[in-house]
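Throughout, residue positions are numbered sequentially from 1 according to the sequence presented. This is a predicted model, so every value here is computed, not measured. What's counted below: heavy atoms across the whole structure, side chains too, no hydrogens, waters or symmetry copies.
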Amino acid sequence: MTTAMKVYRQTSLGPEGLQQFDEPNPPSPAGRQVLMRVRASSLNFRDLLSLKNGIPAQYIVNAGRFPLCDGAGEVVAVGRGVTRVKPGEHVAAIFHWDWIAGPIPYSLNTYGRGTKGNDGMLAELALVDESELVHLPEHLSFEEGATLPCAGVTAWYALHGDTPLVPGEDVLVEGTGGVSVFALQFAKISGARVIATTTSPAKMETLRALGADVVIDASRGPGWYKEVLAATHGRGVDVTVEVGGPAKWDDAVAATRENGHISMVGALGGRDKAMSFEFMIRGLHLHPTRVGSRLHFEQMNRAMEYHGTRPVIDRIFDFDEVPAAFEYFEHGKQAGKVVIRHG
């Protein structure tokens, strides 16, 4: 192993502020530490927010930190106290390093790895505690594994973390972003019927190919909830995986059955503190997700391995192309995940 590694640090706001450096390798692992060679990472909307200062300042205290919360690779070396992993094994780092199982910890940093108190995965090597790692499903590549920690676990938790999905229920997903595509896949392997919307008519066939039972063209603007109601005989869906947030969720609220369940996983539509009166009058249950715990990650991995589920990757960029990857990601034209191959 060489004595230097390549890393990216955020030196100024925006993707153009990402600068590549050669830096000394992390120290040899001690105690319960694990040295991981990061083979791939992937991009999330949360990473773009971080680069553009769209995350509240109290969550970002590491000037010049390594960005990106997603990373997968192989174990290079372990400390003497490590029992969970061995050199050579394929692993991924969890999003919340301090949420192993059970209820959400009071101290949880919502924005996870790569923000407050913890470096991200945009480096060739990472030194982590053994508790922060899960084994990758055996059928997945490093690039596929790198899509899981944020978007994959978020989708799994949105469907199974609060009120577990029941076979035969109807699930609504919006668009072709990473979380939405994972939610579509996980809903199908859980025995649910999936209704998907898209504002890009060209992606309707993509959603059908991924298994969506009903695909709705939402490009004409508000009012698409009527097609959801028509597809459910006026009842509405049992679970909505909401990525737009309160600023744009009127249709999603109207499309969800009375006393149904909305898992809010993002706010792509911007911030809006107003809550729809219809939301309250219909008795909807709101479940704001916080990605998920290590236990949720492990549950998801077992399901993916059993069903042979593979993440959907839109495009893979090389490590030297990180700014270009963010520029591509920002335009929001992808279907599935955008991945960085570290080499």
Side-chain angles (χ1 to χ4, degrees), residues 45 151 154-188 190-208 210-291 332 335:
F45 184 65
T154 296
W156 182 264
Y157 185 50
L159 296 175
H160 297 289
D162 185 27
T163 303
L165 188 65
V166 175
E169 290 189 324
D170 290 317
V171 174
L172 174 65
V173 301
E174 303 168 337
T176 55
V179 174
S180 296
V181 170
F182 271 122
L184 190 165
Q185 293 177 294
F186 295 156
K188 291 301 295 181
S190 300
R193 184 173 73 136
V194 177
I195 299 174
T197 69
T198 177
T199 57
S200 173
K203 292 182 179 178
M204 295 179 72
E205 282 305 316
T206 299
L207 288 165
R208 290 190 183 99
L210 290 171
D213 299 281
V214 178
V215 181
I216 294 171
D217 180 1
S219 64
R220 294 184 294 274
W224 53 259
Y225 75 91
K226 297 174 185 177
E227 294 185 58
V228 178
L229 295 181
T232 57
H233 306 290
R235 180 175 178 269
V237 299
D238 299 282
V239 180
T240 292
V241 180
E242 172 60 38
V243 298
K248 292 188 175 181
W249 72 358
D250 286 349
D251 273 273
V253 168
T256 307
R257 69 167 173 84
E258 295 216 6
N259 301 305
H261 186 99
I262 293 182
S263 286
M264 191 167 72
V265 303
L268 300 180
R271 300 178 184 179
D272 189 335
K273 296 182 179 180
M275 179 173 281
S276 165
F277 177 72
E278 187 179 5
F279 185 99
M280 293 180 282
I281 207 69
R282 291 168 62 81
L284 301 182
H285 300 271
L286 179 63
H287 172 45
T289 63
R290 293 293 180 267
V291 184

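Atom CE in Met264 sits 8.0 Å away from atom OG1 in Thr289 (nearest 0.5 Å). Between the CG atom of Asp217 and the CD atom of Glu227 there is a distance of 7.5 Å, given to the nearest 0.5 Å. Going from atom CG of Asp250 over to atom CH2 of Trp224 covers 10.0 Å, rounded to the nearest 0.5 Å. Atom CD1 of residue Ile262 and atom OG1 of residue Thr256 lie 4.0 Å apart, to the nearest 0.5 angstrom. Atom OG1 in Thr163 sits 9.0 Å away from atom CD in Glu169 (nearest 0.5 Å). In this structure, His285 NE2 and Asn259 CG are separated by 5.0 Å, a value rounded to the nearest 0.5 Å.
A 4.5 Å side-chain heavy-atom check between Ser180 and Val241 finds every atom pair outside the cut-off. With a 4.5 Å cut-off on side-chain heavy atoms, His261 and Thr240 do not count as touching. Residues Thr232 and Arg257 have side chains not in contact (no heavy-atom distance under 4.5 Å, counting atoms from C-beta outward). A heavy-atom distance below 4.5 Å is found between the side chains of Leu165 and Val239. Counting heavy atoms from C-beta on, the side chains of Ile195 and Val171 never come closer than 4.5 Å.
Nearest heavy atom pair, residue Ala183 against residue Ala155, reads N-CB, 3.5 Å. Closest of all the heavy-atom pairs between Val181 and Thr176 is CG2-O, 3.5 Å. Closest approach of Ser219 and Pro201 over heavy atoms only: OG-CG, 3.9 Å. Closest non-hydrogen pair, Asp251 versus Pro222, comes out as OD2-CA, 3.3 Å. The heavy-atom pair separating Glu174 from Gly244 by the smallest distance is OE1-N, 3.8 Å. The two residues Ala335 and Thr206 have their closest heavy-atom pair at CB-CG2, 4.2 Å.
Side-chain atoms of Thr198 and Lys203 include no donor-acceptor pair closer than 3.5 Å.
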Item to check | side chain to side chain contact (heavy atoms under 4.5 Å, CB included) between Val214 and Ile216, worked out | outcome: CA-CA 7 Å; Val214 178; Ile216 294 171; 4.2 Å; yes
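A salt bridge does not link Arg193 with Asp213: every distance from a Lys NZ or Arg NE/NH1/NH2 to an Asp or Glu carboxylate oxygen is 4.0 Å or more.
The aromatic rings of His287 and Tyr157 lie perpendicular to each other, with more than 60° between the two planes, well past the 30° mark.
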